[in-house]
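So you know, we letter chains A, B, ... as the sequences are listed, proteins then strands, and number each from 1.
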Amino acid sequence: MPREKQQEYRDHHINENEEIQPNSEIKDNVDDLTDDLDALLDEIDEILEEDSEEFVENFIQRGGQ
Amino acid sequence: MHRRIYGLETEYGIICTPDKNRGKKLTVQNVVMYLFREIISGRMYPDVFLENGARFYQDIGCHPEYATPECDDVIELVAHDKAGERIVTRLATTAERRMRADGFRGRISIFKNNLDTVGNTYGCHENYLMEREKVSFRQLASQLIPFFVTRQIYTGAGKIKRSDQGFYEISQRAQHIREEISIATTTARGIINTRDEPHADREKYRRLHVIVGDSNMSEFSTFLKVGTTGIILRMIEDHFITERFALRNSVQAIHEISEDISCKRLIELENGKRLSAIELQWLYFECAKRYLAQEESDPTTDEIMTRWEYVMNGLEKDPLQLDRELDWVIKRKWIETYVKHRSLDWNSAEVRRLDLEYHNIRQDTSVYYKAEKRGLTERILDDTQIRRAMHSPPERTRAKFRGRFIKLVNNGKVLCGVNWSYIQLYEPYQKLYLSTDPLEPEFEEASRMIYSI
């Protein structure tokens with residue numbers, strides 16, 4: 001996933017929150033959630049950094065019980 | 001209070017990815033050898049008991065397998081299951097260091113799941129000790145089958161699939177079940193497995209060995225899986241279930257239920273009725289509630305019932321809302337979110353990789369643990385309980401005794417052979433201490449000997 005695209009998503013998402021959440025307390029909560037979500041997605045990006053195709057294809061086990 | 005021995009065996013998937021341009025490839029077998037090197041020496045077979053009473057060994061198909069010590073409480077069992085993940089994780093870190101020293105640079109990934117890329121399966125087996133004379137095996141099997149077929153709606157670990165009928169199904173294991181009852185664990189696996197090695201007095205006890213379930217990352221899923229099954233077994237032993245839940249075709253039903261993430265698909269009972277997995281589980285739940293109303297209560301059983309009811313209500317409303325509790329829903333949620341935000345295709349390698357990395361037990365590269373760290377999963381334990389279980393055996397079963405012995409062995413104080421049901425002392429003289437009751441924490445004679453060392 002290209003970084004610009006992530007940034008684009010984030011900007012878009014934050015703007016949307018500002019428009020629809022006039023109550024600042026709720027907005028804070030939503031921002032926290034959005035932050036958490038974005039951070040987790042970034043972490044998943046890191047996990048998937050190496051070549052996924054190759055990784056998945058190499059994961060072959062002998063059958064167990 | 002009602003007591004039973006519970007145990008979980010987990011076969012892990014394992015792979016070593018060499019560093020780019022530097023690493024040489026290692027076979028699965030070699031990696032497993034490195035994994036064991038920290039705890040076994042020389043030419044010993046990779047099969048050891050640990051100081052917390054657990055057994056760690058290389059199983060069929062070269063899978064590292066961790067079997068928890070005997071627990072008599074389901075929360076304690078979940079702690080020991082999680083302790084196993086951490087022990088194996090620690091061994092992986094040491095193994096990587098040793099590999100580097102030998103010129104192999106790479107990263108070991110260990111998955112607590114049940115499927116590889118080409119469809120080979122490996123298991124997570126549950127064990128329940130039962131009093132043999134209370135119920136015939138035939139009756140036990142017939143009352144358990146509909147329960148095992150339907151419990152996957154909260155115990156499933158989820159899997160990505162490529163098919164016209166959708167991209168995701170509930171259980172990793174369901175499609176590998178081919179028979180109602182079978183002794184096979186590697187070929188035609190059954191909903192009920194007939195292996196019966198009690199590691200105890202055979203006359204008194206049977207061991208129910210359950211191979212139909214998925215491996216779980218979620219503490220909540222593991223807790224419910226074993227907890228509800230334990231309650232069902234109590235009812236069967238006490239001949240409390242009078243309704244007939246027998247299914248027309250149980251093997252077909254276990255496949256179909258796995259394929260339907262709405263959990264609403266109707267399956268046919270032998271008596272002609274058609275019920276969904278949710279409805280059938282509600283019937284078991286209501287039966288359990290009636291049964292427990294006349295039994296002495298205990299906190300763990302109360303907790304199981306509370307969580308079971310919560311999950312049933314959630315499943316009825318919308319299964320996909322249980323995205324903090326149930327493995328198959330948590331995993332699906334994060335795959336779906338990632339697919340959406342990164343504009344990926346459901347058939348992409350990234351998605352199949354995510355389906356694996358959810359189950360990675362190494363917390364720094366595990367999707368499940370990334371979610372857990374952010375408080376996005378419902379937990380049963382705190383970390384202190386898990387850390388304790390890495391080193392200390394359960395207090396109320398014979399694992400306590402075994403653990404104490406292993407500590408002495410590890411400190412070089414005694415030389416002995418250990419198995420589930422015995423301890424064989426070699427020095428200063430040969431002596432066999434046999435246990436016939438796993439619920440007994442002490443063997444008197446042997447304890448006296450231990451304390452004298």
Side-chain angles (χ1 to χ4, degrees), chain A, chain B residues 9 11-17 20 25 28-29 59-63 65 107 109 111 114-123 125 176 184-187 189 193 211 334-335 337-338 340-344 348-357 360 364-367 370-371 373-376:
Chain A
M1 166 96 191
R3 293 278 154 180
E4 320 81 87
K5 208 161 188 178
Q6 291 170 29
Q7 196 53 51
E8 197 180 289
Y9 160 73
R10 213 168 292 160
D11 293 342
H12 172 69
H13 210 81
I14 288 165
N15 289 339
E16 206 174 63
N17 287 338
E18 279 166 0
E19 278 163 31
I20 56 169
Q21 300 291 354
N23 180 324
S24 68
E25 209 170 292
I26 293 175
K27 180 180 163 296
D28 282 350
N29 284 339
V30 170
D31 278 351
D32 281 351
L33 276 178
T34 314
D35 286 348
D36 247 352
L37 180 110
D38 281 339
L40 187 61
L41 293 179
D42 288 345
E43 284 177 331
I44 295 178
D45 285 337
E46 282 166 31
I47 294 174
L48 301 187
E49 212 167 35
E50 300 152 44
D51 188 346
S52 287
E53 185 79 49
E54 198 183 324
F55 185 91
V56 171
E57 269 169 26
N58 282 332
F59 183 60
I60 297 177
Q61 307 282 292
R62 274 191 268 157
Q65 297 213 58
Chain B
E9 307 158 39
E11 295 172 26
Y12 291 105
I14 183 166
I15 185 176
C16 178
T17 316
K20 280 233 155 6
K25 250 192 178 165
V28 170
Q29 194 156 8
D59 196 45
I60 298 172
C62 218
H63 296 277
E65 172 158 343
R107 182 168 177 81
S109 306
F111 301 113
N114 308 103
L115 290 168
D116 75 355
T117 300
V118 293
N120 290 313
T121 184
Y122 34 96
H125 302 172
H176 291 269
T185 54
T186 57
T187 49
R189 297 177 182 86
N193 178 256
I211 68 166
W334 289 111
I335 293 179
T337 309
Y338 193 75
K340 200 170 106 199
H341 290 196
R342 298 292 188 261
S343 314
L344 287 168
S348 65
E350 283 77 12
V351 168
R352 282 181 290 142
R353 173 87 179 276
L354 268 183
D355 188 11
L356 276 178
E357 299 287 5
N360 201 325
D364 53 337
T365 50
S366 163
V367 175
K370 294 289 183 194
K373 284 230 169 70
R374 297 193 175 275
L376 300 169

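Evaluation of the salt bridge (charged side-chain N to carboxylate O under 4.0 Å, His left out) rule for B:E357 yields B:R353 as partners, not counting sequence neighbours.
Residue B:S366 touches chain A through its backbone alone, counting heavy-atom pairs closer than 4.5 Å. Residue B:T117 touches chain A through both its backbone and its side chain, counting heavy-atom pairs closer than 4.5 Å. Using a 4.5 Å cut-off between heavy atoms, B:L344 does not touch chain A at all. Proximity to chain B (any heavy atom under 4.5 Å) is shown, for A:E50, by both the backbone and the side chain. Contact of B:E11 with chain A is made through the side chain alone, with heavy-atom distances under 4.5 Å. Only the side chain of B:V28 comes within contact range of chain A, with heavy atoms under 4.5 Å apart. Only the side chain of B:H125 comes within less than 4.5 Å of a heavy atom of chain A; its backbone N, CA, C and O stay farther away. Using a 4.5 Å cut-off between heavy atoms, B:L356 touches chain A through its side chain atoms alone.
Judged by distance alone, the side chains of B:Y338 and A:D45 do bring a donor and an acceptor atom under 3.5 Å apart.
Of the listed residues (B:N193, B:L376, B:N114, B:L354), the greatest number of heavy-atom pairs within a distance under 4.5 Å of chain A belongs to B:L354. Per-residue heavy-atom pair counts under 4.5 Å with chain A were compared for B:D116, B:N360, B:L115, B:T17, and the maximum is reached by B:D116.
Minimum heavy-atom separation, B:T121 to B:H176: CG2-ND1, 3.5 Å. B:T185 approaches B:I211 most closely through the heavy-atom pair CA-CD1, 4.1 Å. Between A:R62 and B:C62 the shortest heavy-atom distance is NH2-CB, 4.0 Å. Annotation for B:I15 and A:N58: closest pair CD1-O, 3.4 Å, computed over non-hydrogen atoms. Considering all non-hydrogen atoms of both residues, B:Y12 and B:Y122 come closest at C-CE1, 4.2 Å.
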